[in-house]
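See structure below.
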Amino acid sequence: MENKMSRIVMKFGGTSVGSVERINHVAKIVKSEVDLGNQIVVVLSAMAGETDKLINLTKDLSKSFENSEYDVVISSGEQVSAGALSGLLNSQGIKAQSRLGWQIPIVTSGDHKSARIEAIHSKELINLLELNEVIIIPGFQGINSEGRITTLGRGGSDTSAVAIAAAIDADFCDIYTDVDGVYTSDPNKVATAKRLDKISYEEMLEMASLGAKVLQTRSVETAMNNDVVLRVLSSFSDIGEDKNGTLVCDEDSIADKKIVTGVAASTNDAKLTLIGIKDKPGVAAEILSVLADDGINVDMIVQNISDDRKTTDLTCTVPSDESIRAKELMEGLSSNLSYKDLIVDTNISKISIVGVGMRSNAGVASQMFRVLSENNINIDVISTSEIKISVLINKDLTEKALNTLHDHFELGNISN
Ligand code: ADP
Ligand code: ASP
Ligand code: MG
């Protein structure tokens, strides 16, 4: 795509480095960019399945495994990938060296398991690039102000790559993955999904936060705030083949503003419903602040007043792996807040349509609700923002809902 010498951050995900064969292919892709005279930083994920294995190890050891050591354990998969690729490149005569997060350093906030990158010391990286060394950096990891290893949340290597691209003023940040770009919906769930040539930062931010895990949400936020030119490409194409991919860019660079650009599904939420709460001011605030104080993110919230106007039902969603804790906290409330029942439902999924064109087009929500009801898909909870509409449905109907909405909004025929 580029003809003058460029500075490029190339990130490869877990499947892309999942075997000896795949790591060899990554080395070929990196070599092809080095041969063009480009300055290259490579950011790597752990080999596919490794992070899950490491997480399970900590769980097998203890139910209350300490967070700071958890990060030491689960960041190690990325170190293996970085050393492996660097060693391989050197054996092929390409000058490369690995640099771990703490060596650079990539400084993060203190919160283990989901730290935020605060600063990246880029001077030495730039010196090495000027000497034509390829730098290989494990994604997902950093160091906090206390000198402890931190990790950036699942899928965090995308964010490492974008933040490094911003810090070294790279021309491109290329996210190589197991699909050849961002699609109108998850191509593994919707057979007619179509690759988008371009998607705006705003739409990508919504798609990512609503379940399109092709990019970690924070990576899109970081790219948007730092004007990083972000491309999503396939690591499975042959060397020399056209890299079409998807460019994530400013809305202004996209001529055709579609009403609906994509459909996403998130299956990692749980729904908590408190039934028969006394209807008095401050109740919702009190319940939600108990969750917030414990660091539990509440997403959708609905409150219904009952017929007698004396009690209300409150429904909210939280990440499913925090639902047990959220339930415990709500049960702890019952002494000062009376309610009749508490129901936790993890068999839900959130289906969302996203598009910047929704800002100027009324009636999209009613179309969405009608199409779902015509297909016997019951809507539980609704939430909207300027460029997205989300509904909560039964998890078993996830693929049906995705495909129904994808067909209805004719996303398979979308023109790039
Ligand atoms: P990596 O290991 O490279 O980080 P991920 O598994 O995190 O890759 O992300 C790639 C996956 O994202 C794809 O295999 C695809 O199933 C999923 N995905 C979900 N929504 C989309 C979408 N709209 N476009 C492309 N891929 C998507
Ligand atoms: N290995 C980490 C994970 O599986 C980070 C990443 O791959 O981006 O979440
Ligand atoms: Mg990923």
Side-chain angles (χ1 to χ4, degrees), residues 10-19 22 26 29 43-56 70-71 73-82 101 113-115 137-142 150-164 174-197 199 203-220 231-236 244-246 248 260-268 349 351-355 398-399 402 405-406 411-412 414:
M10 307 170 76
K11 179 261 172 178
F12 295 89
T15 319
S16 306
V17 294
S19 64
R22 296 310 328 154
V26 166
I29 302 175
V43 175
L44 296 178
S45 287
M47 294 170 76
E50 279 308 308
T51 309
D52 287 337
K53 263 192 219 158
L54 295 165
I55 291 174
N56 286 336
Y70 173 95
D71 277 351
V73 174
I74 70 158
S75 62
S76 64
E78 271 70 11
Q79 174 167 341
V80 173
S81 303
K113 292 179 157 183
S114 59
I137 300 174
F140 188 47
Q141 55 172 253
T150 52
T151 60
L152 309 178
R154 296 307 305 265
S157 298
D158 296 332
T159 303
S160 307
V162 174
I164 291 164
D174 291 343
I175 306 289
Y176 284 86
T177 182
D178 55 5
V179 287
D180 63 348
V182 178
Y183 279 66
T184 49
S185 193
D186 185 341
N188 290 315
K189 295 198 175 109
V190 177
T192 53
K194 214 172 151 203
R195 185 180 55 76
L196 296 159
D197 277 351
I199 185 168
E203 287 169 318
M204 192 63 238
L205 199 57
E206 292 283 10
M207 289 282 282
S209 71
L210 296 167
K213 69 162 182 162
V214 60
L215 289 173
Q216 197 201 34
T217 309
R218 230 175 245 176
S219 73
V220 186
R231 302 186 292 195
V232 179
L233 302 167
S234 170
S235 70
F236 283 72
N244 292 315
T246 299
V248 188
V260 178
T261 304
V263 191
S266 154
T267 48
N268 296 323
S349 83
I351 307 288
S352 310
I353 56 174
V354 173
T398 305
E399 292 199 11
L402 278 177
L405 292 168
H406 196 268
L411 301 185
I414 217 161

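Counting starts at 1 for both ligands and their atoms, following the listed order. Side-chain atoms are counted along with the backbone in the values below, which use heavy atoms only and exclude waters and symmetry mates. For reference, positions follow the sequence shown, starting with 1.
Protein neighbours of ligand 1 below 4.0 Å, counting non-hydrogen atoms: K11, G13, G14, T177, D178, V179, G181, V182, Y183, S185, D186, P187, N188, M207, A212, K213, V214.
An N or O contact shorter than 3.5 Å is missing between D158 and ligand 2 by distance. Residue F140 has no nitrogen or oxygen atom sitting less than 3.5 Å from a nitrogen or oxygen atom of ligand 2, judged on distance alone.
Look at D158 and K11 and you find a salt bridge, because one of the NZ, NE, NH1 or NH2 atoms lies within 4.0 Å of a carboxylate O, short of that distance.
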Original post:
Going through the checks in order, is the side chain to side chain contact (heavy atoms under 4.5 Å, CB included) test met by R22 and F12?
Top reply: CA-CA 10 Å; R22 296 310 328 154; F12 295 89; over 6 Å; no
**OP:** Check step by step if side chain to side chain contact (heavy atoms under 4.5 Å, CB included) holds for T51 and F140.
**Re:** CA-CA 11 Å; T51 309; F140 188 47; 4.1 Å; yes
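Residue, atom and distance of the protein heavy atom nearest to atom 7 (O) of ligand 2 are S45 OG, 2.9 Å. Looking at atom 4 (O) of ligand 2, its nearest protein heavy atom turns out to be R154 NH2, 2.9 Å. The shortest contact between atom 5 (C) of ligand 2 and any protein heavy atom is with E78 OE2, 3.4 Å.
Residue contacts with ligand 2 include G156, since one of its heavy atoms falls under 4.0 Å from the ligand. A heavy-atom separation below 4.0 Å is not found between G77 and ligand 2.
A donor-acceptor pair under 3.5 Å links the side-chain atoms of Q216 to the main chain of R154, judged by distance alone. For the pair T184 (side chain) and G262 (backbone), a donor-acceptor distance under 3.5 Å is absent. Counting only distance, with no hydrogens or angles, the side chain of E78 and the backbone of A46 share a donor-acceptor pair below 3.5 Å.
In this structure, OG on S235 lies 7.0 Å from CG on D178, to the nearest 0.5 angstrom. A distance of 11.0 Å separates CD1 of I175 from CE of M10, quoted to the nearest 0.5 Å.
Atoms of ligand 2 found under 4.0 Å from any heavy atom of S157, numbered from 1 in the order shown, are 5 (C), 6 (C), 7 (O), 8 (O).
A cation-pi arrangement, defined by a distance under 6.0 Å to the six-membered ring centre and an angle within 45 degrees of its axis, is absent between K194 and Y183.
The two residues G101 and P138 come nearest to each other via the heavy atoms N-CG, 4.4 Å.
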